[in-house]
Amino acid sequence: MWSPKRQYIQWLNNLAQVWYLFSVWCLLLFLVQASGCAPEDATPQVLAPPSQEQFLQRQPTDIQLRKLAKRIPGEWKDVASSLGIEPHERKAFFLNNRFDVVGQATEMLEKWKEKLGSEATNQKICDALKEWQLIVVREYYLNEFGKDV
């Protein structure tokens, strides 16, 4: 049954809940400001895409190498020689992946990266592609992975 007293009690309960939430919000705001993480102090940092020079100096990722391997299945031995892969190593890649030319190229690129470590750069890959006049593949590599350069 409805009564003014019951409605008044309900209104007080709602007011108490609102007051509680407001006080919690104020406390959190105070803690954020005290910690130095206040929104007005925060400046948004937008990461710019890498420049072409930065991209070329970086080490290629495994994903980049696998995608590149799909683009050079017939020419992987030529690219390997430009990257300094020895003939006996190229033969091993062939034997390890006898019926998978993309697998041969992938293994060659992965072993090259492992062998050179931090000196294995996108620049060296692009130079090797250019040496063998694989300009279309080189442009694909730059456009696919060096986006917005």
Side-chain angles (χ1 to χ4, degrees), residues 10-149:
Q10 183 65 36
W11 181 82
L12 285 176
N13 283 338
N14 290 342
L15 183 62
Q17 289 176 353
V18 168
W19 182 255
Y20 173 77
L21 291 174
F22 177 73
S23 61
V24 168
W25 181 80
C26 288
L27 178 63
L28 288 174
L29 183 62
F30 172 76
L31 291 174
V32 166
Q33 288 176 345
S35 69
C37 298
E40 55 270 7
D41 295 341
T43 55
Q45 294 182 0
V46 178
L47 296 177
S51 68
Q52 185 170 357
E53 187 173 316
Q54 289 172 328
F55 169 74
L56 291 173
Q57 298 310 314
R58 289 183 182 165
Q59 192 176 43
T61 65
D62 292 339
I63 292 172
Q64 290 171 340
L65 294 179
R66 284 193 293 275
K67 286 186 176 184
L68 177 61
K70 292 178 183 177
R71 298 284 179 147
I72 59 166
E75 298 86 3
W76 76 266
K77 290 179 184 179
D78 298 330
V79 173
S81 68
S82 293
L83 292 174
I85 304 295
E86 300 294 327
H88 69 278
E89 293 175 297
R90 293 194 299 263
K91 186 173 184 178
F93 302 143
F94 172 77
L95 294 174
N96 291 343
N97 302 282
R98 191 174 302 236
F99 302 108
D100 181 12
V101 183
V102 174
Q104 295 166 8
T106 302
E107 184 179 357
M108 179 273 296
L109 290 169
E110 289 173 349
K111 294 293 182 187
W112 168 79
K113 179 182 171 184
E114 182 181 309
K115 183 178 176 182
L116 264 64
S118 63
E119 293 184 28
T121 62
N122 289 314
Q123 180 69 58
K124 290 184 179 178
I125 289 176
C126 288
D127 290 347
L129 295 172
K130 188 176 182 180
E131 182 178 334
W132 289 98
Q133 297 183 3
L134 299 171
I135 304 303
V136 173
V137 178
R138 183 179 183 274
E139 291 303 314
Y140 158 79
Y141 190 76
L142 285 171
N143 291 330
E144 178 71 18
F145 304 116
K147 289 184 168 93
D148 301 319
V149 294

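Residue numbers start at 1 and run along the sequence shown. Please read these numbers as outputs of a predicted model, since none were measured by experiment.
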- Query: Going from OG1 on Thr106 to CZ on Arg66, what distance comes out if it is rounded to the nearest 0.5 angstrom?
  - Reply: 8.0 Å
- Answer yes or no: is there a side-chain heavy-atom contact under 4.5 Å between Glu144 and Lys67? yes
- Task: Please tell me if the side chains of Leu109 and Leu83 come closer than 4.5 Å, counting only heavy atoms from C-beta onward.
- Result: yes
- Query: Taking everything shown except Lys70 itself, do over 12 heavy atoms lie less than 6.0 Å from its NZ?
  - Reply: no
- Query: Is Gln52 close to Leu142 at the side-chain level, that is, under 4.5 Å between some pair of heavy atoms?
  - Reply: yes
- Message: So for atom CD, which belongs to Gln133, do other residues, nucleotides or ligands contribute more than 12 heavy atoms lying within a distance under 6.0 Å?
- Response: no
- Item | Validation row: Leu68, Gln64 side chains within 4.5 angstrom (heavy atoms) | no
- Message: Which label fits Tyr141 and Phe55: parallel for a plane angle under 30°, tilted from 30 to 60°, or perpendicular past 60°?
- Response: tilted
- For the side-chain contact (heavy atoms from CB on, under 4.5 Å) test, which of Val136, Ile135, Ile72 pairs with Leu129? Ile72
- Does some side-chain heavy atom of Tyr140 sit less than 4.5 Å from a side-chain heavy atom of Arg71? yes
- Kindly check if the number of other-residue, nucleotide or ligand heavy atoms within 6.0 Å of CZ (Arg138) is above 12? yes
- Task: Any chance you could lay out the side chain to side chain contact (heavy atoms under 4.5 Å, CB included) test for Ile85 and Phe93, step after step, and finish with the verdict?
- Result: CA-CA 11 Å; Ile85 304 295; Phe93 302 143; 3.7 Å; yes
- Item | Flag if over 12 foreign heavy atoms under 6.0 Å of CG, Leu27 | yes
- Note on the structure: d(Glu119 CD, Trp112 CH2) to nearest 0.5 Å is 10.5 Å
